Trainee: 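The following block contains the structure, expressed as structure tokens.
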Number of protein chains: 2
Amino acid sequence: MADLVYRQLLGSLKDKILAGEFPNMKLPDERSLSEQYEVSRSTVKRALSILADQGVVFKKRGSGTFINPLYLKNDSVFHYNNGSNLGITDSFQMNGRKPGIKLLKFEVVRPDPELKRDLFLKNDDFVYEIKRLRLFDDEPFMIETGYIPIKIVPELSEKIVSSSIFNYLQRERNQAVTKSYLTISAEPSTDEDQAQLGLTPTEPVGIMAGVFFLDDGTPFEYSRMRLHYRYMKYNTFVTLDD
Amino acid sequence: MADLVYRQLLGSLKDKILAGEFPNMKLPDERSLSEQYEVSRSTVKRALSILADQGVVFKKRGSGTFINPLYLKNDSVFHYNNGSNLGITDSFQMNGRKPGIKLLKFEVVRPDPELKRDLFLKNDDFVYEIKRLRLFDDEPFMIETGYIPIKIVPELSEKIVSSSIFNYLQRERNQAVTKSYLTISAEPSTDEDQAQLGLTPTEPVGIMAGVFFLDDGTPFEYSRMRLHYRYMKYNTFVTLDD
DNA sequence: TAGTGGTCTAGACCACCGA
DNA sequence: CGGTGGTCTAGACCACTAG
């Protein structure tokens, strides 16, 4: 995975940037990098484009490629680890707190039409419905309801489901969950939210809902997360042209 | 801008997807598209990659390229127009509603240390503080407080500020705002939120705060937006590997 | 004008999927 | 096995920036 040429270059450049090896905030030009690393310019462009998408650098035609000074400050609660991304909880900043899971529900159900479409299911496919309360140091912060096609992981058990499913997949099947399409919103808290997450009636929940995909593109899980509002902080770098 | 080959292809494919011209949720393979559109496969890959980055499609090696069903039911309020992105309001879905602005405050103030850092200001730089209520068809949906260095647009006036600043920049100076770092969160509504946005005490606001950059990378504005919670729906497609 | 990033082509080879 | 997307190369030409 990481032996791909553009990945190596990506990593090398990121390391050098973080190590402060470009004190003038400017990277070498693409043709020089192509020579230095002995790769084609296209591959250099690929690596640089990814860095630009990540907001690490920005490119100015006719001038060069520059480091984005703002890249350093990152206080997002929802973030991504490099490489070994295992499990949703790993996508949340933990600050040394111990993540926990309390299983609320574990059933096999028939998916409704919408879910069927979202997960590309056939007529007679069934899904697990998994409802879990997630905690940091015994403090609940999220109610998560997930739907996973049984045909993808027919061996799922209460035991597996009581810890990280993503971890399990990575460990046992060497399949990583690497993509997700999420909708972020907020709502007033329901009675259940208030009870489970320790909220007052005026305190809201943040909502993140959407589909997680396996590395190969297979839609793997539809998940609906209701977060204690103080735990929902999502950072995003956006480029506003298509 | 839009006469680039990969942009045309991108637009064409997006149109066809939205028009439902791929009822089996599968696009033609890359080599076929390359022939049909008489462009190289690399260009096809480029267009498809962008679609994949946007979460419109996902690709499965060995199988094909498939349409993301969640994209078709895209009801995001915050989204981006192709090409002519002008102004924040243009980034919100309007559905034929007329956007309006009510100016609440327009001052020149001394930035606090944090703001100074976020906008890369020097010690004696001042900023405009612009507080505006934004409406759809006379219905308020967002309280926006923005901070803009006076040195960037010393000619700012109440008149300009009462409509779209981004529009003004584009029109008068041909400078586009194309990038932003935003943090998305939620909070209980304050008394002011409730009064201005017509919320009950149990209804929250969505918060989007961060920096907007000019095309050349100059940090242009720090903005804090408090949205009526029903208007905050943010779609995001994430890849969890670096 | 020289240097930079942007676009595009043509083609090679690899890795994965499903019949 | 044939078909698919993934990676990479080599090189051409364009568009913008700066001195």
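Being a predicted model, the structure only gives us computed values, none of them experimental. Each chain gets a letter, A, B and so on, in the order the sequences are listed, and its residues count up from 1.
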Trainee: Check the distance between C/dG5's P and A/Ile50's CD1 and give it to me in whole angstrom.
Mentor: 17 Å
Trainee: Please encode protein proximity along nucleotides 5-13 of chain D as a string of B, S and -, counting only heavy-atom distances under 4.0 Å.
Mentor: BBBSBB-B-
Trainee: List for me each residue that meets side-chain contact (heavy atoms from CB on, under 4.5 Å) alongside B/Ser162, sequence neighbours excluded, and say none if there are none.
Mentor: B/Leu103
Trainee: Applying side-chain contact (heavy atoms from CB on, under 4.5 Å), name anything that partners B/Ser40, two or more places apart in sequence or on another chain.
Mentor: B/Ser42, B/Thr43
Trainee: B/Arg224: what forms a salt bridge (charged side-chain N to carboxylate O under 4.0 Å, His left out) with it, not counting sequence neighbours?
Mentor: none
Trainee: Under a 3.5 Å distance rule, please check whether B/Ser49 uses its side chain to pair with a backbone N or O of B/Lys45 as donor and acceptor.
Mentor: yes
Trainee: Using the test side chain to side chain donor-acceptor pair (under 3.5 Å), find all partners of B/Ser163 that sit at least two apart in sequence or belong to another chain.
Mentor: none
Trainee: By the salt bridge (charged side-chain N to carboxylate O under 4.0 Å, His left out) test, which pairs, at least two apart or in different chains, include something from residues 145-157 of chain A?
Mentor: A/Asp125-A/Lys151, A/Glu155-A/Arg173
Trainee: What residues form a salt bridge (charged side-chain N to carboxylate O under 4.0 Å, His left out) with A/Lys116, not counting sequence neighbours?
Mentor: none
Trainee: Pairs counted only when both distances fall under 3.5 Å, Watson-Crick or G-U: show me the 5' to 3' dot-bracket for DNA chain D, [ ] for pseudoknotted crossings and | for other-strand partners.
Mentor: ||||||||||||||||||.
Trainee: Does A/Ser63 have any side chain to side chain donor-acceptor pair (under 3.5 Å) partners at least two apart in sequence or in another chain, and if so, which?
Mentor: none
